[in-house]
2 protein chains.
Amino acid sequence: MGGPRFEPVRTVRAYERVVEQVEEAIESGALAPGGRLPSERELMVQFSVSRSTVREALRVLQARGLVRSRPGDPNGAEVLPFTPAALHKSMTTLARVAELSLAELVQFRMVLDGSAILLAARLRTEEQLAEMSRAVEAMKAAAADDADGFGAADVAFHDAVARASGNKLIQVCTDVVRSIVLRLISDKIAGAPDREALMRRSVRHHEEVIAAVRAGDGPLAARLSKKAMYDYYAAYVPVNERAALRALLE
Amino acid sequence: MGGPRFEPVRTVRAYERVVEQVEEAIESGALAPGGRLPSERELMVQFSVSRSTVREALRVLQARGLVRSRPGDPNGAEVLPFTPAALHKSMTTLARVAELSLAELVQFRMVLDGSAILLAARLRTEEQLAEMSRAVEAMKAAAADDADGFGAADVAFHDAVARASGNKLIQVCTDVVRSIVLRLISDKIAGAPDREALMRRSVRHHEEVIAAVRAGDGPLAARLSKKAMYDYYAAYVPVNERAALRALLE
DNA sequence: CGACATTTGTACGTATGTATC
DNA sequence: CGATACATACGTACAAATGTC
């Protein structure tokens, strides 16, 4: 009885072996951002595969945001610094294929932003607090006549909060989900008839949030932040889905 | 002045055009999961590109988890049902390349799980509550002598909670981040000397959480849930990073 | 600025193993 | 079992792009 336990053989494509090895080299730090891979012809020698195989591997690595190759570049493909582009892409696909509703996306933002501001209220430095303040001031200044500036300042505020939370994962996800939401409804926001009033109310909300952060009251800041986001986006969410958003407001 | 506003020309590779078109067909629903793409030879005719170009495009689509192709398959590549595999991959890469700490990952789990349980407490159905209860019972039964069964039941519980939250994005992210965390420290958990005591304490915490859910007290359930996760993972987080986790406990 | 070598992007042909009928 | 169609992988070839002198 017993005997050797054989495992099913998983046939693995040649290009996958190439991808694995290059990926390993990058993630282990042996290949740093800005560094170059060998040229395609050099790679086909080192891996003893054909050029098509090398190229298929490079396409996969490129799709994952790890490298970029340009025609004619005498150096090989460039190792890229990390960007959440791949995460962004897969989450966008998720949003479309899994049919994520706007309500779910906004709810996720409320969760992330609420947590980020809670953490920021407790862990922020003075410099980070000042940065948030400047962003809110910029929102206030732009609310009257500069909708684009308002949006940019709003992004800057939430980005500063996410950074102050000290959690890079929260920061990246916040960024990704926000851009997805904005792409879904930026046209509707731009066309809102009472847009200026909305911006002014948003400024007021942000001022309340930052006051709570300054006071170090994390739970209050989180509550206010979620409420502010609800007020800003609820109008674009179907009525029967708003209850799920309100469930986050305590 | 003014005149037409020209946009910078972005040279776009042939394989990218192929990817775009197929992606569009899938995301729009024209190609449903289980459906088949034309064969490679057919695709090279339809797009009037070479075989290599078609194959590079297919590699990218495969890396994004949208299709799968097998050698010899008389039909073309298969359109896959959505899986968070691509999201998982890019988040794992993020964790390695951006050097996410275990503390950040656990903190993110606390945020997601806390929010999921808050929502679940308010939106759950009776059937979902029963499912969570069964999972906790299974944890209790396995705590004495079946560590693998305990882990599986624990996953089942958190998965049931995430589903009951009604937010698919929370569900997917919970799943992805949990598996990343487990891969990082499963060996340490398996080697813990007081493992049985840890499991028993975890069961107690889960029972408290589910009691709060049953009572419909979302904020309490969220607090307990975050506390439970902190107690379970804090030992594996460097001492000087634990404060960031405690900042989430109110 | 232009000539040059190198590299990538793309195309085409071929051989081989495999899945389906 | 054989026939057929397919994906995988290899090799070659040429045009376009890039960096260098």
Side-chain angles (χ1 to χ4, degrees), chain A residues 6-23 25-26 31 33-80 85, chain B residues 7-23 25-26 31 33-81 85:
Chain A
F6 295 119
E7 287 190 0
V9 177
R10 189 176 61 99
T11 69
V12 56
R13 316 261 182 280
Y15 80 90
E16 286 203 61
R17 310 296 290 258
V18 177
V19 168
E20 280 173 20
Q21 288 196 46
V22 176
E23 209 165 32
I26 293 176
L31 276 168
R36 298 306 187 105
L37 263 56
S39 75
E40 293 183 359
R41 287 178 176 80
E42 178 63 27
L43 287 174
M44 69 187 258
V45 174
Q46 290 195 25
F47 290 108
S48 28
V49 294
S50 77
R51 213 173 86 144
S52 333
T53 302
V54 167
R55 287 181 58 76
E56 288 178 26
L58 287 177
R59 291 294 84 86
V60 173
L61 291 167
Q62 184 159 334
R64 294 193 181 150
L66 294 174
V67 307
R68 177 188 54 177
S69 50
R70 288 177 314 167
D73 195 331
N75 311 307
E78 182 183 1
V79 178
L80 296 177
Chain B
E7 289 190 0
V9 177
R10 190 175 60 99
T11 70
V12 58
R13 316 261 181 278
Y15 79 89
E16 285 203 63
R17 311 295 290 259
V18 176
V19 168
E20 280 173 20
Q21 289 197 46
V22 177
E23 210 164 32
I26 292 176
L31 275 167
R36 299 307 187 104
L37 262 57
S39 75
E40 293 185 359
R41 288 176 180 80
E42 178 63 27
L43 287 174
M44 69 187 259
V45 174
Q46 291 196 24
F47 289 107
S48 32
V49 294
S50 80
R51 188 90 187 279
S52 339
T53 301
V54 168
R55 288 180 59 76
E56 289 179 24
L58 287 177
R59 290 293 88 85
V60 173
L61 291 166
Q62 184 158 339
R64 294 195 181 147
L66 294 175
V67 307
R68 176 186 56 176
S69 50
R70 288 176 313 167
D73 196 329
N75 311 308
E78 182 184 0
V79 178
L80 296 176

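Any value given below was found using the heavy atoms of this structure, including those in side chains, with hydrogens, waters and symmetry copies removed. Every chain is numbered from 1, with letters handed out A, B, ... down the list of sequences.
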For residues [X] and [Y], determine if any side-chain heavy atom of one lies less than 4.5 Å from a side-chain heavy atom of the other.
| X | Y | value |
| --- | --- | --- |
| B/Val18 | B/Leu43 | no |
| A/Ser52 | B/Arg55 | no |
| B/Arg13 | A/Pro71 | yes |
| A/Val22 | A/Leu66 | no |

Quiz item: In residues 52-69 of chain A, which ones come under 4.0 Å of DNA chain C, going by heavy atoms?
Solution: A/Arg55, A/Arg59, A/Ser69
Let me know the distance between [atom1] of [X] and [atom2] of [N], rounded to the nearest Å.
| X | N | atom1 | atom2 | result |
| --- | --- | --- | --- | --- |
| B/Leu43 | C/dA11 | CG | P | 13 Å |
| B/Glu16 | C/dT10 | CD | C1' | 14 Å |
| A/Arg17 | D/dA9 | CZ | C1' | 15 Å |
| B/Arg36 | D/dA5 | CZ | C1' | 14 Å |
| B/Glu40 | C/dA11 | CD | P | 14 Å |

Could you run down the sub-3.5 Å N/O contacts of the protein with nucleotides 14-21 of chain D?
{"from": "D/dG19", "atom 1": "OP1", "to": "A/Arg70", "atom 2": "NH2", "distance (Å)": "3.2"}

Practice problem: Answer yes or no: is there an ion pair linking A/Arg64 with A/Glu23, defined by an N-O contact shorter than 4.0 Å? | Solution: yes
Quiz item: Under 6.0 Å from the CZ atom of B/Arg51, do we count more than 12 heavy atoms belonging to anything else shown?
Solution: yes
Quiz item: For the side chain of A/Ala14, counting heavy atoms from C-beta on, which of C/dT10, D/dA9, D/dA7 is nearest?
Solution: D/dA9
Quiz item: For B/Leu31 and B/Arg36, which heavy atoms make the closest approach, and how far apart are they?
Solution: CD2-O, 3.9 Å
Quiz item: Counting only side-chain N and O atoms of B/Ser50, is one of them less than 4.0 Å from OP1 or OP2 of C/dA11?
Solution: yes
Exercise. Would you give the length of the straight line joining atom CD of A/Glu56 to atom CG of A/Leu61, rounded to the nearest 0.5 angstrom?
Key: 12.0 Å
